[in-house]
K.L.:
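The structure that follows is given in the form of structure tokens.
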Amino acid sequence: LIQGFVRVTSRAPSTLPQELYVFHRSGLLKDFHVRPVCTKDLSGIEQLVKTVDLQENLIKDIKQFNKVRRDEDGTEIKAFVAVCQDQIVGVAVIRREENIEYIRSHYNIEDFIYYNHHKREEHGHLHHFALNPVFSHMSKMFIKEILRQGKKTSLYYPLYPSYINKEVVHQHSMVTCLNDMVPVRARRQITYPLEKLGINAPSDRVLKEHEPFALNHINRKLVLEPKVTINTRIVVVGASNVGIGFLEQLAYCPHLRFNN
């Protein structure tokens, strides 16, 4: 039952031992459906995301989708809205994932999917995802419909550190479905002697340098697997390698959500 509730984040000085969850009665409405964005949705989307950071970029992507369905460089854009009672309660923007080779070589993504079972065009890159908190328990359903209607089997979302070039960071807004996605471990990289390897060296798609980012992922299988919420408070004493390794192990558990 707790999967349908929204956890209320405690304020900084709070030391209360219990957790607070809320559920809005409008969350019981069954009239929830997902469809592609159309021109008349713009005002409703602007009202929905008016408090979202980087909302200007989201609106810009929506206008570009309504105009030509593609970026200026030809990259495919797909945009969807979630509607309840004729009111827009969610919006999402995805593009085709163009850096599959880089992701495959730099992250342990094959812990979650077998690339031989997926076509290249079935990989999507999530740029924006905003959903009214009243319907946050429907976020996985929203993702399912994005995958189905967008003809995708998996989605990727990068999280960049604060010191990265703002032009790169501002291509994405903070998504409200991050709790539903799983973090993907980075791979230790090989330093290739390119001069010796010659034509046997890896392709430029693998060797090309990108801004560092933390990768989050979801696919059709993971959408159907609920995460177990653990509210137990965990305290790690000491900044040792063991402590960091322990926290990393907890953070990368794909089916557990540690709130404290």
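No hydrogens, no waters, no symmetry mates; every other heavy atom, side chains included, goes into these values.
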K.L.:
Is it true that Tyr157 and His172 share a donor-acceptor pair across their side chains at a distance under 3.5 Å?
P.N.:
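There is no such pair (donor and acceptor under 3.5 Å, judged by atom type) between the side chains of His172 and Tyr157.
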K.L.:
With sequence neighbours excluded, give me every side chain to side chain donor-acceptor pair (under 3.5 Å) pair touching residues 139-151.
P.N.:
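Qualifying pairs, neighbours excluded: Ser139-Asp180, Glu145-Arg148, Glu145-Gln149.
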K.L.:
Among all residues two or more places apart in sequence or in another chain, which pass the side chain to side chain donor-acceptor pair (under 3.5 Å) test with His217?
P.N.:
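Testing His217 for side chain to side chain donor-acceptor pair (under 3.5 Å), a comparison that skips the adjacent residues, returns Asn219.
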K.L.:
Is the number of heavy atoms from other residues, nucleotides or ligands within 6.0 Å of CD (Glu211) greater than 12?
P.N.:
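Count over threshold, so yes.
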K.L.:
What is the minimum heavy-atom distance between Ser26 and Val134, and which atoms define it?
P.N.:
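Taking every non-hydrogen atom into account, CB-CG1, 3.8 Å.
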K.L.:
Clusters formed by hydrophobic residues whose side-chain heavy atoms approach within less than 4.5 Å: which one holds Val81, and what are its other members?
P.N.:
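Members other than Val81 - counting any ILVMFWY side chain reachable under 4.5 Å - are Val37, Leu42, Ile45, Leu48, Val49, Val52, Leu58, Ile59, Ile62, Phe65, Ile77, Val83, Ile88, Val91, Val93.
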K.L.:
What is the minimum heavy-atom distance between Tyr163 and Pro212, and which atoms define it?
P.N.:
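Closest pair (atom of Tyr163, atom of Pro212, distance): OH-CG, 4.0 Å.
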K.L.:
Is the centre of the His137 ring less than 6.0 Å from the centre of the Phe5 ring?
P.N.:
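Between His137 and Phe5, the centre distance exceeds or equals 6.0 Å.
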K.L.:
Considering non-hydrogen atoms only, spot the tightest contact between Gly243 and Val236 and give its length.
P.N.:
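Closest approach of Gly243 to Val236, heavy atoms only: CA-CG1, 3.9 Å.
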K.L.:
What pairs with Ser136 under side-chain contact (heavy atoms from CB on, under 4.5 Å), at least two apart in sequence or on another chain?
P.N.:
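Only Val6 meet the side-chain contact (heavy atoms from CB on, under 4.5 Å) criterion with Ser136.
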K.L.:
Transitively linked via ILVMFWY side-chain contacts under 4.5 Å: Leu250 with Val184?
P.N.:
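Cluster IDs for Leu250 and Val184 differ.
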K.L.:
Can you tell me if CD on Gln18 sees more than 12 non-hydrogen neighbours from other groups inside 6.0 Å?
P.N.:
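Counting other residues, nucleotides and ligands, CD of Gln18 exceeds 12 neighbours.
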K.L.:
Counting N and O atoms only, with roles assigned by atom type, does the side chain of Ser105 sit under 3.5 Å from a partner on the main chain of Glu101, one being a donor and the other an acceptor?
P.N.:
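Yes; at least one donor-acceptor contact below 3.5 Å.
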K.L.:
Does the ring centre of Phe80 sit less than 6.0 Å away from the ring centre of Phe142?
P.N.:
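Between Phe142 and Phe80, the centre distance exceeds or equals 6.0 Å.
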K.L.:
Please list, chain by chain and in numerical order, all residues satisfying side chain to side chain donor-acceptor pair (under 3.5 Å) with Ser173, sequence neighbours excluded.
P.N.:
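Checked Ser173 against side chain to side chain donor-acceptor pair (under 3.5 Å); matches are His128.
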K.L.:
When you compare the side chain of Arg70 with that of Thr75, does any pair of heavy atoms fall below 4.5 Å?
P.N.:
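Side-chain contact under 4.5 Å: no.
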K.L.:
Any salt bridge between Glu110 and Arg104, counting N to O under 4.0 Å?
P.N.:
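Counted as a salt bridge, because a side-chain N and a carboxylate O are separated by less than 4.0 Å.
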K.L.:
Of all residues at least two apart in sequence or in a different chain, which pass the side-chain contact (heavy atoms from CB on, under 4.5 Å) check with Pro254?
P.N.:
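Applying side-chain contact (heavy atoms from CB on, under 4.5 Å) to Pro254 gives Phe112, Val182.
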K.L.:
Is it the case that the ring center of Tyr107 lies less than 6.0 angstrom away from the ring center of Phe213?
P.N.:
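Centroid separation for Phe213 and Tyr107: below 6.0 Å.
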K.L.:
Take the angle between the ring planes of His106 and Tyr102 and call it parallel below 30°, perpendicular above 60°, tilted in between.
P.N.:
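Judged by the thresholds at 30° and 60°, the geometry between His106 and Tyr102 is parallel.
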K.L.:
Which heavy atom of Phe135 sits nearest to which heavy atom of Leu131, and what is that distance?
P.N.:
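It is O-CD2, 3.1 Å.
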K.L.:
Step through it carefully: locate the ring centre of His118, locate the ring centre of Tyr115, and say whether they are under 6.0 Å apart.
P.N.:
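Not under 6.0 Å, so no.
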K.L.:
Test salt bridge (charged side-chain N to carboxylate O under 4.0 Å, His left out) on Arg35 and Asp41 and set out the steps.
P.N.:
CA-CA 11 Å; Arg35 59 169 173 78; Asp41 297 328; 2.7 Å; yes
K.L.:
Does the side chain of His125 pick up a donor-acceptor pair with the side chain of Glu97 at under 3.5 Å?
P.N.:
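A pair is found: one side chain offers a donor N or O, the other an acceptor, under 3.5 Å apart.
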K.L.:
Whether the side chain of Lys78 engages the backbone of Gly150 through a donor-acceptor N/O pair (distance < 3.5 Å, no angle test) should be reported.
P.N.:
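Indeed, once roles are kept as given, a pair shorter than 3.5 Å links the two residues.
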K.L.:
Without swapping roles, check the side chain of Asn259 against the backbone of Asn231 for a donor-acceptor pair under 3.5 Å.
P.N.:
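No; zero donor-acceptor contacts below 3.5 Å.
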K.L.:
Test of understanding: with side chain to side chain donor-acceptor pair (under 3.5 Å), list the residues that count as partners of Asn66, not counting sequence neighbours.
P.N.:
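Scan of Asn66 (side chain to side chain donor-acceptor pair (under 3.5 Å), adjacent residues dropped) gives none.
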K.L.:
Tell me the ring pair (Phe, Tyr, Trp, His ring centres under 6.0 Å) pairs involving residues 228-259, sequence neighbours left out?
P.N.:
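Sorted result for residues 228-259: empty, none.
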K.L.:
Counting only heavy atoms from other residues, nucleotides and ligands, does the tally under 6.0 Å from CG of Asp86 exceed 12?
P.N.:
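At most 12 heavy atoms, drawn from other residues, nucleotides or ligands, come within 6.0 Å of this atom.
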K.L.:
Using every non-hydrogen atom in the two residues, find where Pro183 and Ala251 come nearest and quote the distance to one decimal.
P.N.:
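Looking at all heavy atoms of both residues, the shortest contact is CG-O, 3.3 Å.
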K.L.:
Under 3.5 Å, side chain of Asp71 to main-chain N/O of Asp73, donor-acceptor pair present?
P.N.:
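No, because the side chain of Asp71 does not come within donor-acceptor range (under 3.5 Å) of the backbone of Asp73.
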K.L.:
What pairs meet the salt bridge (Lys or Arg N to Asp or Glu O under 4.0 Å) rule with one or both residues in residues 220-245, with sequence neighbours excluded?
P.N.:
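Counting only pairs at least two positions apart or across chains, no salt bridge (Lys or Arg N to Asp or Glu O under 4.0 Å) contact touches residues 220-245.
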K.L.:
Check salt bridge (Lys or Arg N to Asp or Glu O under 4.0 Å) between Asp61 and all other residues, then give those that pass, not counting sequence neighbours.
P.N.:
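Applying salt bridge (Lys or Arg N to Asp or Glu O under 4.0 Å) to Asp61 gives Arg95.
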K.L.:
Would you list the pairs meeting salt bridge (Lys or Arg N to Asp or Glu O under 4.0 Å) in which at least one residue belongs to residues 11-28, sequence neighbours left out?
P.N.:
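For residues 11-28, and leaving out neighbouring residues, the salt bridge (Lys or Arg N to Asp or Glu O under 4.0 Å) pairs sorted by first residue read Arg7-Glu19.
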K.L.:
Not counting sequence neighbours, which residues clear side-chain contact (heavy atoms from CB on, under 4.5 Å) with Asn108? List them please.
P.N.:
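Applying side-chain contact (heavy atoms from CB on, under 4.5 Å) to Asn108 gives Asp111, Arg185, Arg187.
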